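Following: one structure in structure tokens, then a few remarks.
Excluded from the calculations below are hydrogen atoms, water molecules and symmetry mates; all remaining heavy atoms, backbone and side chain alike, are included. None of the values given here were measured: they were computed from a predicted structure.
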Amino acid sequence: MTAPVFVVEHFDAGGGGRYVLDGPEGRHAVSVKRLRPGETVVLTDGAGRWAECEVVDTEGKDRLVVHMGAVAEEPAQSPRITVVQALPKGDRGELAVETMTETGVDAIVPWAAARCITQWKGERGLKALGKWRATAREAGKQSRRVRFPEVADAATTKQVAALLAEADFAAVLHEERDYGSEPLATAELPSSGEIVLVVGPEGGVAPEELALFEEAGAKAYRLGRTVLRTSTAGTAATALLLGRTGRWS
């Protein structure tokens with residue numbers, strides 16, 4: 001089992017490399033994980049910087065004292081994979097974020113598609129976005145990542161089109177009897193750069209959205225014969241892309 005991961009804001013260790021992990025992360029390490037001297041933990045800022053540390057002692061219920069090793073930085077992987085995720089109903093948004101993070105997606109863009117039942121507005125929207133970002137952070141820790149996916153502000157359809165226009169490979173997951181789509185499993189993928197994938201809502205991507213995305217350079221692709229829910233399609237597609245681009249090799 002790999003070492004548990006905890007998030008820190010800085011890597012400033014005192015004399016002799018002594019570092020105290022406190023606050024909610026320290027409480028989780030001491031009171032929930034019940035870590036003991038001699039065990040190993042990884043501290044990260046979630047943006048690629050990390051350090052392997054050995055537990056030295058605990059203080060109270062929320063302070064973990066460790067000896068910090070050298071701070072390293074994990075480079076961003078390439079090609080970078082961004083999933084534009086239409087807003088699902090209920091807690092399926094957090095489910096999508098959680099599983100995509102565990103799989104290895106690099107960025108997630110919430111999208112208020114025309115056929116989305118859920119709409120993020122005002123305080124409700126800010127609260128929902130906060131849940132997505134908290135989910136990405138916790139799933140990043142759980143999956144032992146040191147570079148967590150970025151969760152952007154909610155995007156409009158025009159903003160999604162602009163994002164697709166800048167990508168090295170742009171795709172929209174869409175399968176419809178009267179609309180031609182190609183299998184994502186055989187698409188020609190770049191070895192570097194940016195891959196942007198759009199996952200529509202349960203009702204599908206609207207014709208006007210498809211037309212706008214096509215103008216931006218995005219083609220329609222399908223995963224297979226079965227139809228996946230919007231909360232699982234992004235995870236399945238990410239796994240396929242990670243395998244095909246060699247990032248899982």
Checklist entry - Is a side-chain donor or acceptor of Asp62 paired with a backbone partner of Gly26 at a separation under 3.5 angstrom? => result no
Can you name the closest pair of heavy atoms from [X] and [Y] and give their distance?
X: Val5; Y: Arg145; result: CG1-O, 3.9 Å
X: Pro110; Y: Leu129; result: CG-CD1, 4.3 Å
X: Ser143; Y: Thr101; result: OG-O, 4.2 Å

Item to check | Residues that His174 engages under ring-ring contact (aromatic ring centres under 6.0 Å, His included), provided they are two or more places apart | outcome: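 With sequence neighbours excluded, His174 shows a ring-ring contact (aromatic ring centres under 6.0 Å, His included) to Tyr179, given in chain and number order.
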Next on the checklist: Between Trp111 and Trp120, is the ring centroid distance below 6.0 Å?
Outcome noted: no
Checklist entry - For the rings on Phe148 and Trp50, is their centre-to-centre separation under 6.0 Å? => result no
Checklist entry - With ILVMFWY side chains joined below 4.5 Å, transitively, what does Ile117's cluster contain besides itself? => result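 Members other than Ile117 - counting any ILVMFWY side chain reachable under 4.5 Å - there are none.
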Item to check | Thr40 versus Glu52, side-chain donor and acceptor atoms under 3.5 Å | outcome: no
Checklist entry - Could you state the interatomic distance from CD (Glu94) to CZ (Arg133), rounded to the nearest 0.5 Å? => result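 Output value for this atom pair is 13.5 Å.
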Item to check | CZ-CD distance between Arg49 and Glu74, expressed to the nearest 0.5 angstrom | outcome: 13.5 Å
Checklist entry - Quick one: which of Val71, Val146, Leu21 gives a side chain to side chain contact (heavy atoms under 4.5 Å, CB included) with Leu43? => result Leu21
